[in-house]
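Whatever order the structure lists ligands and atoms in, that order sets their numbers, starting from 1.
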Amino acid sequence: MSLSVIILAAGQGTRMKSTLPKVLHPISGRPMLHYVVEAAQALSDDVHIVLYHQHERIREDLEAHFENLRFTLQDHANYPGTGGAVMNVPVRHDKVLVLNGDMPLVTAEALEPLVSKEADIVMSVFDLPDPSGYGRVVIEEGEVVGIVEEKDCTPKQKEIKTVNAGVYCFKKAVLDRHLPNLSNDNAQQEYYLTDLIAMTRSEGGHIVPVWVEEAAFKGVNSRYDLANAERIMQNRIKERWMRAGVTMRLPETIYIDSRAVLEGDCILENGVTIQGETKIISSHIKAHSVIEESIIENSSVGPLARIRPASRLVNTHIGNFVEVKKSTLKGVKAGHLSYLGDAEIDEGTNVGAGTITCNYDGKAKYKTKIGKNVFIGSDSQLVAPVTIEDDVIIAAGTTVTKDVEKGALAIARTPLKSVAGFFYKFFGAK
Ligand code: UD1
Ligand code: MG
């Protein structure tokens, strides 16, 4: 399609009250700007990002995740405002879609009606019971005749409920012709992109409004907006997975990262959190478990378990209060209260309650390797680096400080001493 896209992301985002640039605040695991860029790239091969505040940081982030983006630095000192932002962007195509970087809920499908219409300007609008904060749109006989910013509204204009959603599709000729003539003669002393409407109109141009769904065009200006956008995004993500065959108990209590993938027959119970690029295949994640950047296949996890990044569980059962980190477990049972970090554990092995891999000596991390069919008794410590071969029994309460060979019993315990009658001596006779 011969469409260029300009994404405005030069604003300061003051209302976020944050040192992190607004557009890098994450929603469902990714900076909000990423969703906008993704929607733009689905529609166009000529996507421009306009930056100013913290431009290096934003550009670095985008370049690490996307290709073929073009960046323009806004001359913010001399030309502040949304109109200033669009000046001097070297777009290649005749149609130019302008998006805001703080609209993470926008999708290519939602933008389609704007880019498929023919007019000098197609602009997105919606009706709000409480339009405060938005530019009001004056429509006469089906065409937009002007936009008035809230700060410039007369009391009567303030009552208009149709507002500017902030996304426009311009003919490039309109931008070329009118941008040089913008002025900053308004309450905020900024160059308003919205003034192009009146300028185009005064020359007999056609400006067509397109009513869009508010949810997809919601702008994030505060952390309150951020939380609301997150909720909408989560509902979308969860609906998609439920329709794809995932069972969710009380889905409103479940959090799923936008990058996570679920395959096969999965069940997620209430309170489950799935973070990062996690992949869950035919598994049951029980209540209040947290899975981070891991692969879980044919396994059950929880309730109340935590699987930390770079773990891989296959045919494994993980029970309550078990923490796994950067470990591969295949065909393993670890039912209760354990820490398994930097470990490789093989088929048929049972990890007793209270087992801990001591993977860190205060300076460096070390690996624990456990073979097949090993029985680890409760309350054992495995001091890494250590290797336990196949068919080993570790007696309960053992601290393993050296490798254990195939078929052996490892036991390290102080022999039990039983002092007859001591209770009565100590507490007195009963
Ligand atoms: C803008 C519209 C308003 C509309 C609203 C919808 C104007 C003048 N007003 O207001 O009619 O109802 O969006 O959300 O356009 N930006 C820059 N450079 C700047 C200033 C802003 O790139 O100098 C970027 C911001 O980063 C942001 C976008 O432009 O992504 C919108 O700016 P914002 O300040 O949020 O505009 P609003 O006041 O919300
Ligand atoms: Mg805004």
Side-chain angles (χ1 to χ4, degrees), residues 5-16 18 20-25 31-33 35-37 39-40 48-55 58-59 71-89 97-106 114 121 123-128 130-139 144 146-153 157-158 160-168 170 175 179 182-199 207 209 212 214-222 225-226 229:
V5 181
I6 302 176
I7 301 175
L8 308 185
Q12 197 168 2
T14 331
R15 286 168 283 176
M16 294 297 280
S18 176
L20 183 68
K22 171 162 88 171
V23 292
L24 294 188
H25 276 260
M32 59 172 115
L33 184 53
Y35 297 98
V36 187
V37 172
H48 299 255
I49 320 285
V50 180
L51 298 174
Y52 177 69
H53 289 285
Q54 301 204 58
H55 59 95
I58 300 171
R59 182 171 178 158
F71 296 89
T72 300
L73 201 58
Q74 183 179 350
D75 180 4
H76 204 275
N78 297 309
Y79 296 96
T82 49
V86 175
M87 290 172 185
N88 306 316
V89 180
L97 178 69
V98 177
L99 300 177
N100 291 344
D102 62 2
M103 279 184 180
L105 298 164
V106 84
L114 286 162
I121 306 175
M123 65 168 291
S124 57
V125 300
F126 45 70
D127 296 330
L128 288 181
D130 172 17
S132 57
Y134 285 94
R136 310 297 201 278
V137 183
V138 187
I139 298 172
V144 178
I147 305 182
V148 195
E149 288 309 303
E150 166 137 313
K151 286 175 179 149
D152 303 303
C153 274
Q157 287 170 329
K158 267 201 177 146
I160 298 175
K161 306 283 188 229
T162 302
V163 300
N164 173 17
V167 172
Y168 325 81
F170 292 98
L175 296 178
L179 282 176
L182 276 183
S183 92
N184 62 346
D185 185 14
N186 52 52
Q188 301 186 86
Q189 300 206 321
E190 286 188 353
Y191 293 83
Y192 289 166
L193 186 59
T194 47
D195 285 352
L196 295 192
I197 306 287
M199 292 161 102
I207 301 130
V212 294
E214 192 204 337
F217 288 78
K218 251 185 178 12
V220 171
N221 292 312
S222 66
D225 296 341
L226 185 73

Under a 4.0 angstrom heavy-atom cut-off, which atoms of ligand 1 come close to H76?
19 (C), 23 (O)

Could you tell me whether the side chain of V220 reaches within less than 4.5 Å of the side chain of H25, counting heavy atoms only?
no

Quick one: do the N88 and Y79 side chains pair a donor with an acceptor below 3.5 Å?
no

Test item, A9 contacting ligand 1 (heavy atom, 4.0 angstrom)
yes

With side chains defined as the heavy atoms from C-beta onward, is the minimum distance between V163 and R136 less than 4.5 Å?
yes

Determine, stepwise, if the pair V50 / V86 fulfils side chain to side chain contact (heavy atoms under 4.5 Å, CB included).
CA-CA 8 Å; V50 180; V86 175; over 6 Å; no

Atoms of ligand 1 less than 4.0 Å from G81 heavy atoms?
18 (N), 19 (C), 20 (C), 23 (O)

Check ion pair E150-K158 (N to O, under 4.0 angstrom):
no

Report yes if some N/O of G166 lies less than 3.5 Å from some N/O of ligand 1; otherwise report no.
no

Numbered atoms of ligand 1 (with element) below 4.0 Å of T194, judged on heavy atoms:
7 (C), 8 (C), 11 (O), 15 (O)

When you look at N100 and V36, which way does the side chain to side chain contact (heavy atoms under 4.5 Å, CB included) test go after all the steps?
CA-CA 8 Å; N100 291 344; V36 187; over 6 Å; no

Within a distance under 4.0 Å of any heavy atom of G135, pick out the atoms of ligand 1 and give their elements.
3 (C), 4 (C), 11 (O), 12 (O)

Passes side chain to side chain contact (heavy atoms under 4.5 Å, CB included), H53 versus H76? Steps please.
CA-CA 9 Å; H53 289 285; H76 204 275; 4.1 Å; yes

Would you mind listing which atoms of ligand 1 come within a distance below 4.0 Å of any non-hydrogen atom of Q74?
17 (C), 18 (N), 19 (C), 22 (O), 23 (O)

Could you tell me which atoms of ligand 1, counted from 1 in the order shown, lie closer than 4.0 angstrom to a heavy atom of A165?
6 (C)

Just to check, does V50 reach to within less than 4.0 Å of ligand 1 when the distance is taken from its heavy atoms?
no

Using a plain distance cutoff, I'd like to know if Y134 has any nitrogen or oxygen under 3.5 Å from a nitrogen or oxygen of ligand 1.
no

Below the 3.5 angstrom mark, is there an N/O of L8, backbone or side chain, next to an N/O of ligand 1?
yes

The atoms of ligand 1 lying under 4.0 Å from a heavy atom of A85, numbered in the order shown, are 17 (C), 18 (N), 22 (O)

Verify the neighbour count for atom CG of D185: are there more than 12 heavy atoms of other residues, nucleotides or ligands below 6.0 Å?
no

Quick one: are M87 and D75 in side-chain contact, heavy atoms under 4.5 Å?
no

Report yes if some N/O of E149 lies less than 3.5 Å from some N/O of ligand 1; otherwise report no.
yes

Would you say that V137 contacts M123 through its side chain, given a criterion of any heavy-atom pair below 4.5 Å between the two side chains?
yes

Close-contact set for ligand 1 against G101 heavy atoms, below 4.0 Å
30 (O)

Kindly identify the option in L196, N186, T82 whose heavy atom sits closest to atom 32 (O) of ligand 1.
T82

